[in-house]
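Below: the structure, in structure tokens.
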Amino acid sequence: MKGSVSETIRSKIKAWYRKNRRDLPWRKTSDPYHIWVSEIILQQTRVSQGISHYLKFVSRFPDLKTLAAATEEDVLKTWQGMGYYTRARNLYKTAVLITNSYNGIFPGTPEELVKLPGIGSYTAAAIASIAYRYPVPTIDANVIRIIARLYGMQQDIHSVGLKKKIETLTMELLDQENPGEFNQAMMDFGSLQCTPGVPGCSSCPLNQYCKAHLTGMEDKIPMRKEKKKLQHRYFHYLVLTDHGHVWLHKRTGNDIWHSLYEFPLAEMPAGKQPDAESWYKATGISDIQPEKISKTYRHTLSHQMIHATFYQATIPPGNKQPGDELVRVPVQSIGTYPLPVLIARYLADSGTADYRQKG
DNA sequence: AACGCGGGGGC
DNA sequence: GCCCCAGCGTT
């Protein structure tokens, strides 16, 4: 609409973007594969953190075909250090699915895209608008922050009501000529100008339209519920070696680090030490006597803190081998398995530089 | 609607 | 320390 507030805000954001646009690797292309990979990486991940991972990922898997022909292990290994590993497993799943059932072509509408594993409403809108110029607004943390501040919305950031209002307003605000470019303008504006915490209101081209700023509420919007405080967990790892080999265990289930590898684990309550019975449960071997105990490593996740201690041991003479759930790997090959950062950190400290993650 | 899922960087 | 990030899937 000409002359409307939306029209004014849109043109000011576009002008701001022409001056302040970030030069990012995935902005050199409109290839759906590259847009998709970048959007998955950027889910809950800052651009500054995502860039190097993106370059590494597309260098290892330059196109959909290469990714689909890899193994899940390869993909997880390349993903190592990024967290939220379900993203990597879904990325692989979707690559195989598109190759086998979509003739190797990404769908071009949000309705179709959102059916794919790991693609929700935000990512579907991002791919459709950026790769296919489909007119749909992306609604991410940046956009929510901008709109909630502009209109002084005081609902919780995750409430359905807020989301609905923002959908309506961003549809109206969207630039129909080049929706993908405008969506990216909004996101740059959110992360560089309308920042969390203390935003740059004094230099903001929208400050005279922004209800949050005009009422001194910019540091209180958007609102979000208090987080639960984090849980503490105590992991005791058995580094069981013999003849240059060590045993690893692949994590499964509804827990952290799904599909990543670690040492046989005894998780104990606070203050309790593992005994021979604990190690038996973890390995199927009785009479294990650790010879050396590491310092305790603390590793913080968003929602829990891991306290990890590593116990070095060898298999007692004449004892049987561990059960099938453990894999026996040459010590120098540990680095080829996808590992939680905590484990990689211990390995680096324990003296073999090869264990260190490579950027 | 609520929860679980990583890791890093800014303050 | 605490906060939050180009969210998604499950329950």
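Naming: A, B, ... by sequence-line order, numbering from 1 per chain.
Not a single donor-acceptor pair under 3.5 Å links the side chain of A/Ser159 to the backbone N or O of A/Gln155.
At whole-Å resolution of the value, NZ in A/Lys163 and C1' in B/dA1 are 14 Å apart. To the nearest angstrom, C1' of B/dG9 lies 6 Å from CZ of A/Arg46.
No contact: A/Asn183 has no heavy atom under 4.0 Å from any strand.
Donor-acceptor pairing under 3.5 Å, judged by distance alone, is absent between the side chain of A/Gln49 and the base of B/dG9.
Comparing atom distances between the A/Lys228 side chain and each of B/dC5, B/dG4, C/dA6 picks out B/dG4 as nearest. Closest approach to the A/Tyr85 side chain among C/dC5, C/dA6, B/dG7 is made by B/dG7 (side chain taken as heavy atoms from C-beta onward). Among B/dG4, C/dC5, C/dG7, the nucleotide with an atom closest to any side-chain atom of A/Asp140 is C/dG7. Listed candidates were C/dA6, B/dG7, C/dG7. Nearest to the side chain of A/Leu24 is C/dA6. Side chain of A/Ala141, nearest nucleotide from B/dG7, B/dG4, C/dC5: C/dC5. Of the candidate nucleotides B/dC5, B/dA2, B/dG7, B/dC5 has the atom nearest to the side chain of A/Tyr84. Here B/dG6 is the nucleotide among C/dA6, C/dC4, B/dG6 with the atom lying nearest to any side-chain atom of A/Leu301. Comparing B/dG6, C/dA6, C/dC4 by their closest approach to the side chain of A/Tyr122 singles out C/dA6.
In plain terms, the two heavy atoms of A/Val75 and A/Ala70 that are nearest each other are CG2-CB, 4.4 Å.
You'll find the ring centres of A/Tyr102 and A/Phe106 outside the 6.0 Å limit.
For B/dG9 and C/dC8, the C1' atoms lie 23 Å apart once the distance is rounded to whole Å. Here, B/dG8 and C/dG9 have their P atoms 24 Å apart, quoted to the whole Å. Taking the P atoms as reference points, B/dG6 lies 16 Å from C/dT11, given to the whole Å.
Taking only side-chain nitrogens and oxygens, A/Arg145 comes nearer than 4.0 Å to OP1 or OP2 of C/dC5. For A/Arg224, a side-chain nitrogen or oxygen approaches OP1 or OP2 of C/dC5 to under 4.0 Å.
Within a 6.0 Å radius of NZ in A/Lys250, other residues, nucleotides and ligands contribute more than 12 heavy atoms.
A/Gln44 and A/Tyr84 share no donor-acceptor pair across their side chains, judged by distance under 3.5 Å alone.
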